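Only one structure is covered here, and it is reproduced in the block below.
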Amino acid sequence: MPSDTSPSVDSADDAEAQPDLYRPSEIEPRWQQYWVDNASYEVDNDDPRPRGYVLCMYPYPSGAAHMGHVRNYTFGDLLTRYRTMQGEAVLSPMGFDSFGLPAENAAIRTGVHPREFTDARIAELTSSLVRIGGAYDWRREVRSHDPSYMRWTQWIFLKLLEAGLAYRKKAAVNWCPGCQTVLANEQVVDGRCERSGDLVERRDLDQWYFRITDYADQLLDDLEGLDWPERVVTQQRNWIGRSEGVEFEMPICDENGTAHPDGLTMRVFTTRPDTSYGMTFCVVAPEAPLVAQITTADRAAEVEEFVARVRNTSEIDRLSTEGSLDKRGSFTGAYALNPFTGDPVPVYLADYVLATYGTGAVMAVPGEDQRDWDFATAFGLPIIETVQRPDGFEGGAYTGDGGSVNSPPADRQGLPGPVLNGMDMVAAKAAAIEWIEAQGLGEGTVNFRLRDWLVSRQRFWGCPIPVVYCDACGIRPVPLDQLPVLAPDDVEFRPTGQSPLQSHEGFLHTTCPDCGGPARRETDTMDTFVDSSWYFLRFCDPWNDELPFDQEAVDAWMPVDQYIGGAEHAVLHLMYARFFTKALSDLGVAPEGLREPFHRLFTQGMIRLDGAKMSKSKGNLVAPEEIIDTLGADSLRLAHLAVKPPEEDVDWEDFGLEGCSRFLQRLWRVAVPGSVLVADAPVRTGEPTEVDLGILRTTNRLIEDVTRDYDRWAYNVAVAHCMAHLNELYRYVQGESGVHEPTLEFATDTLITVLAPATPHITAELWARRHDSGHVHERPWPVADESMLVEETATMVVQVNGKVRDRVEVPADADEASCIAAALASTKVSAHLDGDPRKVIARPPKIVNFVT
RNA sequence: GCCCGGGUGGCGGAAUGGCAGACGCGGCGGACUCAAAAUCCGCUGUCCGAAAGGGCGUGUGGGUUCAAAUCCCACCCCGGGCACCA
């Protein structure tokens, strides 16, 4: 109504007039500045307090923080602040995993140098992290692309090279056409590039590898002592894929058992030597060099055609179980002597046998192996059972345990092999291996699925591999005093798919450090997982310019007490970092006793929107910054904590932002000095009444509950306990009994204190206002008064035949007899009791159950 | 196929042998207001019932127990991991 002359309700003016209002956008930046100015979360290496190391996986700088970052860093920040309040010196560093393809792709698109692009993204992300309220020791920040970090990444590479743990070899590798680079096995998922989703191709290329397989046993065994989610441990175990078995020689012969003129033998690997009597044929990988030597003339044409076809088949098709087996195998014409029976068995090729695993050749036992059974059925080969089937067993191969049979077959006496009849699988295996070793045919061995880590990448925006190629001296390391090798700045980024380093004459040409002659620089860079395999060590001593880190500094902080990040790194980063830690420890770079980097691991769930994983590329991003602008960082943090158990995936729709924001406003209204709510309540002094004692008890209970909840990562439950306590306070303040000032003071201050790790800004502000600029985060974590946890009366449940019929108040220390008496006194109970109960179970003071 | 998780109101979840559904969201009602928003108070598993009260109820079916969401057996469904690795 234009003529209305009533006072304006313009919200800005209104806010000015009401100093009581909770205004996060005004409070939050001020406290963020305070924590920086006061070095609140900077810790020195000689800090006298007990030490803790809380680490969130350092982020790839993709610009302003997304919800996944907020979730991750909220959990880490809560823990840092909580443990600091418990009296620890908590190392909480932050850095950036700043090499990687997005920056290079952006350079090709826009012409902006990846460094410029990356530095700008880091600035954005840093600002986000500050706005979330993260407590970090920023002095220790590291960036993968910083020359002072690259220098030591390259230094470590050369240490590994010197130790023989880095090497170069030519092999069939995974090539991602989208990323225009090779990939490690771990970065190929279902035949596709883990990053871009492109189908990977096989190429024979010379590449750099780290000998992670040297550590296969340790990487497997040391999983035992880790406090990690079972899921991640299982994934690592699967990936390493240890299997025990035996390798043995089989002489190549013709179909009559006459030895091959060249005396050729074939080595096979099996985990089931107990079934050797059932071997009716052998299978060799088509790529095996042996194939050309043993193939008979009459089979040569068909074998050649088969090998050619397999080579041209994509990895995906080859691993597929589709297609009939007879088209996927071929007879070589050769035979091999089964040492157990002395009989010749035919040697086949099949694409299901992999050249890269074991010996690339297997003995086939169709009776006890499903793949062999399928193959034997397709090619009409004989099947011999060597393990007793359980009653009622139907189907092809039997892979379970059972008594060994048919060794030697009853109708063929005088065979060379061991007698296994009647033994169970374990005993028969042992006996077979013992026999093989005694005969000098072979020995028990262990095979792993894990392959060496391919680390070279044909990209520009990564850490250069610090070696040169000299025509005279071969591969030479760049001298340590010349590190870091830096990529030149005067490069042009073109969409050719080729790294600009490969055509940069000035970078390419150099001199050999040994002979001084002309040499060519390595143009490949390292996998970015190399950078992230040691950053947690650098955080302990980031200022060191003589070594990557000092052993004493690392000893002071490592291992990381609590590592927090996404489960998607289960077999990538987490495996590589474990390998680096062990290798650096063995090389005397890291402390001798440091065998594992991350003592405890927590993997938080993903955030989904409309059921899909939240990501920029899918355009479904909810921007944290916008929520911080309006509701504040504390509300956003609280919503992340409250919504779900932290390890579970969560849909954005389920976030209770309004509820959390409302809670903080309610907290503010009751806790801010001059609170209208409190001012309206009649104030009492003197001795506390029963009502006041009730509040004291629930407050002590709150301390107990929240401490336990924080310790067991039940953050959603911790928030619920705080909310319940605030509801209690409201009932108290608005109740008829009035408030007892010291009681209300204690109840409010305690709530603020236990919330301080979760919502740091509002609690810091309220505490400072209530206590003359004191700082809640510098206070010790509260401890519950045990005597206040004991209730004087308890609500006892009375059941008849297990059904609840009444609840009665009894003294907390009531004995069994008085509990039963109290229960019988209830008319509601006696209405259900027809005469004397047959049996009475009493658990004073919680429950009495009458059985009739 | 194998190995892990998981299945509880309209929704997210809580409860680890002893009151199922804490806390939040949503919904309903009330107070305040000219009115609305905000705020405050209350109710909110389901069925029968006017009420008092009672029946049923934690994926399904069995079992153990005075007592089971919780422990055991079998199965169904959902999510994740592994899968020609001999």
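Below, read A as the first sequence line, B as the second, and so on, with proteins coming before strands; counting in each chain starts at 1. Note that the structure is a prediction, hence the values are computed from the model and not measured.
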Specify the glycosidic conformation (syn or anti) of B/rG55, with syn defined as within 90° of 0.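 Anti, since the glycosidic angle lies more than 90° from 0.
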For [N] and [X] - does any side-chain N or O of the residue sit under 4.0 Å from the phosphate oxygens OP1/OP2?
X: A/Tyr357; N: B/rA86; value: yes
X: A/Arg237; N: B/rG81; value: no
X: A/Arg662; N: B/rG26; value: yes
X: A/Lys846; N: B/rG18; value: no
X: A/Thr795; N: B/rC19; value: no
X: A/His832; N: B/rG54; value: yes
X: A/Arg712; N: B/rU16; value: no
X: A/Asn238; N: B/rC4; value: no

Using atom [atom1] of each nucleotide, how far apart are [N] and [M] to the nearest Å?
N: B/rG17; M: B/rC71; atom1: P; value: 8 Å
N: B/rU44; M: B/rU65; atom1: C1'; value: 34 Å
N: B/rU46; M: B/rG30; atom1: C1'; value: 25 Å
N: B/rC78; M: B/rG29; atom1: P; value: 40 Å
N: B/rC25; M: B/rU16; atom1: P; value: 24 Å
N: B/rG5; M: B/rC72; atom1: P; value: 12 Å
N: B/rC28; M: B/rG81; atom1: P; value: 41 Å

Walk me through it: do A/Val719 and A/Phe663 pass the test side chain to side chain contact (heavy atoms under 4.5 Å, CB included)? CA-CA 10 Å; A/Val719 173; A/Phe663 166 74; 5.7 Å; no
Verdict with supporting geometry, A/Arg71 and A/Val650, side chain to side chain contact (heavy atoms under 4.5 Å, CB included): CA-CA 11 Å; A/Arg71 195 161 180 75; A/Val650 53; 4.0 Å; yes
Length of the [atom1]-[atom2] vector between [X] and [N], whole Å:
X: A/Gln734; N: B/rG42; atom1: CD; atom2: C1'; value: 13 Å
X: A/Met606; N: B/rG81; atom1: CE; atom2: C1'; value: 14 Å
X: A/Ile240; N: B/rC3; atom1: CD1; atom2: C1'; value: 16 Å
X: A/Lys644; N: B/rG12; atom1: NZ; atom2: P; value: 8 Å
X: A/Glu736; N: B/rC41; atom1: CD; atom2: P; value: 14 Å
X: A/Glu230; N: B/rG79; atom1: CD; atom2: P; value: 22 Å
X: A/Met723; N: B/rC25; atom1: CE; atom2: P; value: 7 Å
X: A/Arg843; N: B/rC66; atom1: CZ; atom2: C1'; value: 9 Å

Main-chain N/O of A/Ala671 paired with A/Ser675 side-chain donor or acceptor, under 3.5 Å: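 Side chain of A/Ser675 to backbone of A/Ala671, a donor-acceptor pair under 3.5 Å: no, none is there.
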Find the partner of B/rU58: check Watson-Crick (N1-N3 plus N6-O4 or O6-N4) and G-U wobble (N1-O2, O6-N3) distances, both under 3.5 Å, and reply none if neither fits.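 Partner of B/rU58: none found under 3.5 Å.
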Among the nucleotides [options], which one has an atom lying closest to any side-chain atom of [X]?
X: A/Val804; options: B/rG54, B/rC19, B/rG18; result: B/rC19
X: A/Ala720; options: B/rA22, B/rA14, B/rA86; result: B/rA22
X: A/Lys828; options: B/rC19, B/rA86, B/rG53; result: B/rG53
X: A/Lys839; options: B/rC66, B/rA20, B/rA14; result: B/rC66
X: A/Thr234; options: B/rC3, B/rA86, B/rC56; result: B/rC3
X: A/Arg669; options: B/rU39, B/rA86, B/rG54; result: B/rU39

Give [X] one of three labels, base, sugar-phosphate or nothing, depending on what nucleic acid heavy atoms sit under 4.0 Å from its own.
X: A/Val717; result: sugar-phosphate
X: A/Phe655; result: nothing
X: A/Asn801; result: nothing
X: A/Arg242; result: nothing
X: A/Gln799; result: base

Carboxylate-amine/guanidinium proximity below 4.0 Å for [X] and [Y]:
X: A/Arg267; Y: A/Glu443; result: yes
X: A/Arg242; Y: A/Asp217; result: yes
X: A/Arg608; Y: A/Asp651; result: yes

Pick the nucleotide of RNA chain B nearest each of A/Asp654 and A/Val719; which residue has the one closer to the 5' end?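 Looking at the nearest nucleotide for each, A/Asp654 comes out on the 5' side.
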If you assign each of A/Val643 and A/Gly659 to its closest nucleotide in RNA chain B, which residue comes earlier from the 5' end?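 That would be A/Val643.
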Less than 3.5 Å between a donor and an acceptor, one on the side chain of A/Arg231 and one on the base of B/rC4, is that the case here?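 Looking at the base of B/rC4, it does not pair with any donor or acceptor on the side chain of A/Arg231 (distance under 3.5 Å).
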Between the base of B/rC66 and the side chain of A/Asn849, is one N or O donor paired with an acceptor at under 3.5 angstrom?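 Present.
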Do A/Glu368 and A/Thr399 make a side-chain contact, defined as non-hydrogen atoms from C-beta onward lying under 4.5 Å apart?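 SC-SC contact between A/Glu368 and A/Thr399 ruled out.
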To the nearest 0.5 Å, how far apart are CG in A/Leu664 and CZ in A/Arg637?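 Atom-to-atom, A/Leu664:CG and A/Arg637:CZ are 11.0 Å apart.
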